[in-house]
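Below is one structure, written out as structure tokens; comments come after it.
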Amino acid sequence: MDESLLKQIQPTVAQYANVISNVIHVEVEIVDNNLIRIASTEIYKDKIDQNISVEGYVYRYVLKTGQCQIIEKPGYHELCVNCVNRYNCVEKLELCTPIKLNDDIIGVIGLICLTDEQKKYVLDNINSHLQFLDQIAEFISAKVYENMEKQRNASMIKLLKEILNNINKGILVIDTEGRIRDINNSAKVQLKLTSKSLNKKIEIESNKEYIMGGEVFLIKVDNKKHNIIGNVIPVSEIFPQYDKIIIFDKTNKLKKDFYNATNIRQPITMDNIIGKSDKIINIKEKIKRIASSNSTVLITGESGTGKELFARAIHAEGNRKSKPFVAINCGAIPDTLLESELFGYVKGAFTGADPNGKIGKFELANEGVIFLDEIGDMPLYLQVKLLRVLQEMKIVRIGSNKQIELDVRVIAATNKDLKRLIRENKFREDLFYRLNVIPIELPPLRERKEDIEPIMMELIYKYNNIFKKNVHGVDEDVKEIFLNYPWAGNVRELENTIEFMMNFVNDKGILTKNLIPKTILHYKGSEAMKKEDQVIKPLKTMEKEYILKVLDLYGYDTRGKKRTAEALGIGIATLYRKLN
Ligand SMILES: Nc1ncnc2c1ncn2[C@@H]1O[C@H](COP(=O)(O)OP(=O)(O)OP(=O)(O)O)[C@@H](O)[C@H]1O
């Protein structure tokens, strides 16, 4: 049985019983809605907390009807018929008043007269006594309500604490003297504090900059400084004993969360680089040797030779492997945005920017590796800035004046001839030498034909898993055609080709010649091409053939088509139109 509302405030109920008894000079008992005696004056003092179901028929009636009852002849009244004490009842008069809480009856006040004088006194002034009892019943009810509110508040606070302790953000409650008055679990973990840190002084200094949805602060507690990003909420108007609440994350944690949310790729290791040619084996050896160095690496090679793959492998093999690998394609981002992507910006840095500010890739890559892909496409004015960053290893977010120290390893890559770009004044020579400390040249697939078959087998394994197929063989003539094809799009083109063929392979699970895309199947070596060149073709046909050739190089997926359109200097819509 649940503890009744009256039981929860038993001492208060007892006090009210005494008050009634002192005023009216009669015995008083108060029972709850479970017919448990909660309070009593002298008469039943030893029987408090007793269940009186077998005798409390009048109380039961009052609990049921909510009506006041005056029993002038206890033992003889019809409500006393079933009472076990009806023949030896000592009471001369019983007056019962319900205690109501809203629409519920939560108990009964019983007035008991043991003498005729008491009975006379009560009955002579019955109206004022009934009024008085009503009033006391209301007081008790108000106390019950107050207690319920107190309990509700306590459980709300408990619930809130539970929520605060389970949310990811750090929360600190600071009082008017700058002392910590409350800390949630996340704040304890992030700032390495314990409950002992309560009441310690905390210094909070704003940077007056906003980024990643919060203000940048430097806080000092326990003699340790922490960079945090968050919001300060003044609370003194609501809770005068407190000054503010800080809801925050450590800057490093925010960067890590952001990095994890935007990098769902599987880690790439050396094992993911397939190839048994001397060239690839030598490059893998070289990577192992330079992986833990801090020197800048410049990877060059035709499109699709695996520049990003190798960059990731350098990261995975080196001592920064547990830190971020952040890739940015300098060629795929409009010049105007590239700077903010690289260095980040604070709130209000420029019109059209994210109003929360944004963290830059360099900062995100701090302690790890930044991969600057298609570096040859970087505009000259940014090359100057990049060079300065590489020399000083410091950045300043756009719109800010604070320098941020960096510890980043830079790997750049390009499929362009940077020396030619230098001659054409499109690439800075000083930046080239700064980047080219460790050069890695990836050979095209046609110069390492022995890698074609192992890569092909790896790709079949990969697409068997993705397509849930069971391809287990490749016809010899397919291998021969592949060996003689120049693979201008390198491994990416080979991958696209295998993916294409595996879409159409039948249940026998063998890749056969008839599955090979036409452009590869009908590719003829240079001699045959020369002869074909002499055939006069309509311009439209030539154009389409050429587009298909470029698509072979870049791939038929959306990214490949975009790059093809770019390379051909036409819009993507025009490309689709010309293909139809
Ligand atoms: N040696 C290799 N073994 C296995 N897969 C490879 C190898 N080289 C490249 N690949 C695969 O080929 C595809 C293209 O590789 P990646 O994107 O690294 O080339 P890239 O040189 O950076 O191309 P781009 O210059 O066009 O950006 C990827 O799917 C990659 O996993």
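First listed ligand is number 1; within each ligand, the first listed atom is number 1.
Of all protein heavy atoms, the one closest to atom 15 (O) of ligand 1 is Gly306 CA, 3.6 Å. Of all protein heavy atoms, the one lying nearest to atom 28 (C) of ligand 1 is Glu495 OE1, 4.0 Å. Atom 17 (O) of ligand 1 has its closest protein heavy atom at Arg492 NH2, 3.1 Å. Regarding atom 10 (N) of ligand 1, its nearest protein heavy-atom neighbour is Val491 CG1, 3.3 Å.
Proximity of Glu458 to ligand 1, defined as any heavy-atom pair under 4.0 Å, is not found for any part of the residue. The proximity of Asn272 to ligand 1, defined as any non-hydrogen pair under 4.0 Å, is limited to the backbone. For Arg563, every heavy-atom contact with ligand 1 shorter than 4.0 Å involves the side chain, none the backbone.
Considering Asn490, Thr414, Asp451, Asp373 only, the shortest heavy-atom separation from atom 27 (O) of ligand 1 involves Asp373. Scanning Ile274, Leu459, Asn329, Ile455 for the heavy atom closest to atom 3 (N) of ligand 1 points to Ile274. For atom 30 (C) of ligand 1, the choice among Leu309, Asn415, Asn496 with the nearest heavy atom turns out to be Leu309. Scanning Glu308, Glu374, Lys284 for the heavy atom closest to atom 22 (O) of ligand 1 points to Glu308.
Note: an N/O pair closer than 3.5 Å links Gly304 and ligand 1 by distance alone. The shortest N/O to N/O separation between Lys307 and ligand 1 falls below 3.5 Å. Looking at Ile273 next to ligand 1, no N or O pair under 3.5 Å apart turns up.
Around the CD atom of Glu162, the shell of radius 6.0 Å holds no more than 12 heavy atoms that belong to other residues, nucleotides or ligands.
In this pair, Trp487 and Tyr485 present their aromatic rings perpendicular. The plane angle is above 60°, beyond the 30 to 60° band.
The existence of a salt bridge linking Lys479 and Glu476 is confirmed by a sub-4.0 Å separation between a basic side-chain nitrogen and an acidic carboxylate oxygen. The pair Asp222-Lys192 does not count as a salt bridge, with every side-chain nitrogen at least 4.0 angstrom from each carboxylate oxygen. Of the charged side-chain nitrogens involved, none lies within less than 4.0 Å of a carboxylate oxygen, so that Lys256 and Asp249 do not count as a salt-bridged pair.
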Check against side chain to side chain contact (heavy atoms under 4.5 Å, CB included), Phe500 and Ile520: CA-CA 12 Å; Phe500 174 85; Ile520 296 178; over 6 Å; no
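Under the 4.0 angstrom criterion for non-hydrogen atoms, Gly301 is not in contact with ligand 1.
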